[in-house]
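One is the number of the first residue; the rest follow in order along the sequence. Quantities reported herein were computed from a predicted structural model and do not represent experimental measurements.
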Amino acid sequence: MKHVISPLDLTVQELEYILTLAEDMIAAPDKYKDVCHGKKLATLFYEPSTRTRLSFEAAMMNLGGNVLGFSSADSSSASKGESVADTIRVISSYADICAMRHPKEGAPLVASQYSSIPVINAGDGGHNHPTQTLTDLLTIKKLKGRLNHLTIGVCGDLKFGRTVHSLIRAMIRYENIRFVMISPEELRIPDYLKKEVLDAQNIPYSEVSVLEPVMPELDLLYMTRVQRERFFNEEDYIRLKDSFILDNKKMKLAKEDMLVLHPLPRVNEISTEVDDDPRAVYFEQAKYGVYVRMALIMTLLGLEV
Ligand code: CP
């Protein structure tokens, strides 16, 4: 039985299989409409979500399966003090597969150690978000046509941004990837990622505090939100929240085929005027999240059509 806790829990070959399966689901969704008949997905969300939870649920419904779960810790027995380990032991007898989001880094990993069903990390604190990464990779593959030879700008909260952490881990496995990290000094990517991941594998990257000068060199710009919920101090959040705002003026500096991705939700870091630019693909990206989660569920359950 396989769990997906980190993006590295899937080999490049497994990723390729899932992305190809997702592309086939986009092309011929009817082929898959009964493949999970009689199966149940549990969505255990201890932290708010719109896209991840609902796209997991839509994915299971598209496959002909059923869903059960909770959307906040308050509406589960976690509010009475139940541990993740006890919860997953019980859920293992109610469902066939589970997606878990938790504010504490490592909670889905703990769950996987006590689970008898596959556990998918749907985001753990500021750590990892592997199914967002699958969504990002499918978006890049479909709309850019390749996963290699890319200069990727990642902008915003790189310290707490789990989507960025997972994306970096996944993308460095492809040839000729370079990162431009754009963030305020306080929100730089964590040292462990620099040392253990980027430096250890000689991945080229630069760190800058201003977006405009680097715009012309980017093939992809991955924007992220400054996350209020990760700050201990409201004053720091207010000081940093408007550090980067992508608008049409800045988009004029970019390549004609540069794509703008964002895991969403957006607050104000992308001005709504950018939504009409054909290079802004974040809503399409969110749509791909359903297909890639369908492909992941099928793969982890060992199902084929
Ligand atoms: N991208 C993402 O994780 O969105 P939600 O927080 O709405 O699930």
Side-chain angles (χ1 to χ4, degrees), residues 1-22 24-25 32 34-47 49 51-71 76 78 82-102 104-125 127-138 162 166 169-170 288-305:
M1 184 183 50
K2 194 171 176 70
H3 307 286
V4 175
I5 306 301
S6 143
L8 299 185
D9 289 336
L10 297 167
T11 64
V12 171
Q13 291 72 25
E14 286 168 331
L15 268 177
E16 187 53 37
Y17 175 84
I18 289 168
L19 297 181
T20 303
L21 183 59
D24 194 54
M25 288 166 162
Y32 299 91
D34 294 318
V35 73
C36 280
H37 180 74
K39 302 284 184 198
K40 293 191 275 299
L41 165 76
T43 51
L44 312 182
F45 278 61
Y46 295 82
E47 197 184 54
S49 167
R51 273 146 296 277
T52 311
R53 186 171 66 84
L54 297 182
S55 65
F56 260 117
E57 296 189 358
M60 193 52 158
M61 289 176 195
N62 289 347
L63 295 169
N66 292 302
V67 293
L68 66 162
F70 52 82
S71 58
S76 79
E82 185 172 53
S83 68
V84 159
D86 283 359
T87 301
I88 195 67
R89 278 190 179 115
V90 173
I91 299 296
S92 291
S93 62
Y94 296 166
D96 301 285
I97 186 165
C98 139
M100 175 182 285
R101 170 169 291 188
H102 203 288
K104 281 198 184 142
E105 286 86 355
L109 175 64
V110 170
S112 71
Q113 290 160 350
Y114 292 88
S115 180
S116 55
I117 59 173
V119 174
I120 304 168
N121 178 5
D124 61 329
H127 192 213
N128 272 315
H129 194 346
T131 65
Q132 179 62 49
T133 302
L134 287 176
T135 303
D136 302 338
L137 296 191
L138 180 61
R162 60 194 175 199
S166 289
R169 286 181 188 280
Y288 288 137
V290 176
Y291 295 102
V292 89
R293 290 183 174 101
M294 286 167 68
L296 180 64
I297 291 169
M298 251 187 82
T299 304
L300 293 181
L301 289 177
L303 300 171
E304 289 179 8
V305 285

A.B. asks: Could you go through residues 3-12 and list every donor-acceptor pair under 3.5 Å that involves a side-chain atom there, pairing it with any protein atom two or more places apart or in another chain?
C.D. replies:
residue	atom	partner	partner atom	Å
His3	ND1	Val119	N	2.9
His3	NE2	Ser112	O	3.4
Ser6	OG	Leu8	N	2.9
Asp9	OD2	Ile5	N	2.7
Asp9	OD2	Ser6	N	2.9
Thr11	OG1	Gln13	N	3.4
Thr11	OG1	Glu14	N	2.9
Thr11	OG1	Glu14	OE1	3.4

A.B. asks: With a 3.5 Å distance limit and no angle check, can you tell me whether Thr299 reaches the backbone of Ala295 through a side-chain donor-acceptor pair?
C.D. replies: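 Checking the backbone N and O of Ala295 against the side chain of Thr299, a donor-acceptor pair under 3.5 Å is found.
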A.B. asks: Identify which one of Ile120, Leu134, Thr52 satisfies the side chain to side chain contact (heavy atoms under 4.5 Å, CB included) criterion when paired with Arg293.
C.D. replies: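 Of all the options given, the one that passes is Thr52.
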A.B. asks: Side-chain contact, heavy-atom cut-off 4.5 Å: Ser76 with Leu44?
C.D. replies: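 A side-chain contact under 4.5 Å is absent here.
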A.B. asks: Partners of Thr20 by side-chain hydrogen bond (donor to acceptor under 3.5 Å, both in side chains), sequence neighbours excluded?
C.D. replies: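 Scan of Thr20 (side-chain hydrogen bond (donor to acceptor under 3.5 Å, both in side chains), adjacent residues dropped) gives Glu16.
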A.B. asks: So does His129 get a backbone contact from the side chain of Ser166, meaning a donor-acceptor N/O pair under 3.5 Å?
C.D. replies: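 Present.
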A.B. asks: What's the spacing between Ile91 CD1 and Phe70 CZ if we round to 0.5 Å?
C.D. replies: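 Spacing of CD1 (Ile91) from CZ (Phe70) equals 6.5 Å.
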A.B. asks: Provide the closest heavy-atom pair for Gly289 versus Thr135 in the form atom of the first, atom of the second, distance.
C.D. replies: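 Result for this residue pair: CA-OG1, 3.4 Å.
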A.B. asks: Only counting residues at least two apart or in another chain, list the ones meeting side-chain hydrogen bond (donor to acceptor under 3.5 Å, both in side chains) with Thr133.
C.D. replies: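 With neighbours one apart ignored, the set is empty.
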A.B. asks: For Tyr94, is the OH atom crowded, meaning more than 12 foreign heavy atoms sit under 6.0 Å from it?
C.D. replies: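 Count not over threshold, so no.
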A.B. asks: Considering residues at least two apart in sequence or located in another chain, which fulfil the ring-ring contact (aromatic ring centres under 6.0 Å, His included) criterion with His102?
C.D. replies: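 If we apply the ring-ring contact (aromatic ring centres under 6.0 Å, His included) test to His102, skipping adjacent residues, the hits are Tyr46.
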A.B. asks: Within this structure, what is the CD1-CE distance for the pair Ile97 and Met1, rounded to the nearest 0.5 Å?
C.D. replies: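 If we round to the nearest 0.5 Å, Ile97:CD1 and Met1:CE are 10.0 Å apart.
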A.B. asks: Output every pair passing side chain to side chain donor-acceptor pair (under 3.5 Å) with a member in residues 58-71, not counting sequence neighbours, ordered by first then second residue.
C.D. replies: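 Pairs touching residues 58-71 that pass the test: none.
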A.B. asks: Of all residues at least two apart in sequence or in a different chain, which pass the side chain to side chain contact (heavy atoms under 4.5 Å, CB included) check with Tyr114?
C.D. replies: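 Side chain to side chain contact (heavy atoms under 4.5 Å, CB included) list for Tyr114, sorted by chain: Ala85, Ile88, Arg89, Val110.
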A.B. asks: Donor-acceptor pair, distance only, cut-off 3.5 Å: does the side chain of Asp124 make one with the backbone of Ala107?
C.D. replies: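 Absent.
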A.B. asks: Over all heavy atoms of both residues, which pair between Ser55 and Val290 is shortest? Give the atoms and the distance, please.
C.D. replies: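 Closest approach of Ser55 to Val290: CB-CG2, 3.8 Å.
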A.B. asks: Does the side chain of Asn128 come within less than 4.5 Å of Arg169's, by heavy atoms?
C.D. replies: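 Counting from C-beta outward, Arg169 and Asn128 do come under 4.5 Å.
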A.B. asks: Do you know which two heavy atoms are closest between Leu138 and Tyr291, and how far apart they sit?
C.D. replies: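 The answer is CD2-CB, 4.5 Å.
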A.B. asks: Can you list the residues that meet the side-chain hydrogen bond (donor to acceptor under 3.5 Å, both in side chains) rule with Ser49, with sequence neighbours excluded?
C.D. replies: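 side-chain hydrogen bond (donor to acceptor under 3.5 Å, both in side chains) check on Ser49 returns nothing, list empty.
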A.B. asks: Ignoring hydrogens, what is the shortest heavy-atom contact between Val35 and Leu303? Give both atom names and the distance.
C.D. replies: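 Heavy atoms of Val35 and Leu303 come nearest at O-CD1, 3.6 Å.
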A.B. asks: Between Ile117 and Ala95, what is the shortest heavy-atom contact and its length?
C.D. replies: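 The answer is CG2-O, 3.3 Å.
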A.B. asks: Testing Asp96, Val67, Leu63 for side chain to side chain contact (heavy atoms under 4.5 Å, CB included) with Lys39, which one passes?
C.D. replies: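 The side chain to side chain contact (heavy atoms under 4.5 Å, CB included) with Lys39 is passed solely by Asp96 among Asp96, Val67, Leu63.
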A.B. asks: Run the side chain to side chain contact (heavy atoms under 4.5 Å, CB included) check on Thr131 and Val292 step by step: do they pass?
C.D. replies: CA-CA 8 Å; Thr131 65; Val292 89; 5.8 Å; no
A.B. asks: Suppose we screen for side-chain hydrogen bond (donor to acceptor under 3.5 Å, both in side chains). Which residues come up paired with Asp136, at least two apart in sequence or across chains?
C.D. replies: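 Here the qualifying residues are Gln132, Tyr222, Gln285.
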A.B. asks: According to salt bridge (charged side-chain N to carboxylate O under 4.0 Å, His left out), who are the partners of Lys104, at least two apart in sequence or on a separate chain?
C.D. replies: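 For Lys104 there are no salt bridge (charged side-chain N to carboxylate O under 4.0 Å, His left out) partners, ignoring immediate neighbours.
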A.B. asks: As an exercise, state the distance from CZ of Phe56 to CE of Met100, rounded to the nearest 0.5 Å.
C.D. replies: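 Here the interatomic distance stands at 12.0 Å.
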A.B. asks: Distance check, rounded to the nearest 0.5 Å: Met294 atom CE versus Tyr32 atom OH?
C.D. replies: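 Going from CE on Met294 over to OH on Tyr32, the span is 8.5 Å.
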A.B. asks: Can you name the closest pair of heavy atoms from Cys36 and Leu301 and give their distance?
C.D. replies: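 Smallest interatomic distance, heavy atoms only, reads SG-CD1, 4.1 Å.
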A.B. asks: Of all residues at least two apart in sequence or in a different chain, which pass the salt bridge (charged side-chain N to carboxylate O under 4.0 Å, His left out) check with Arg53?
C.D. replies: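 Salt bridge (charged side-chain N to carboxylate O under 4.0 Å, His left out) check on Arg53 returns Glu57.
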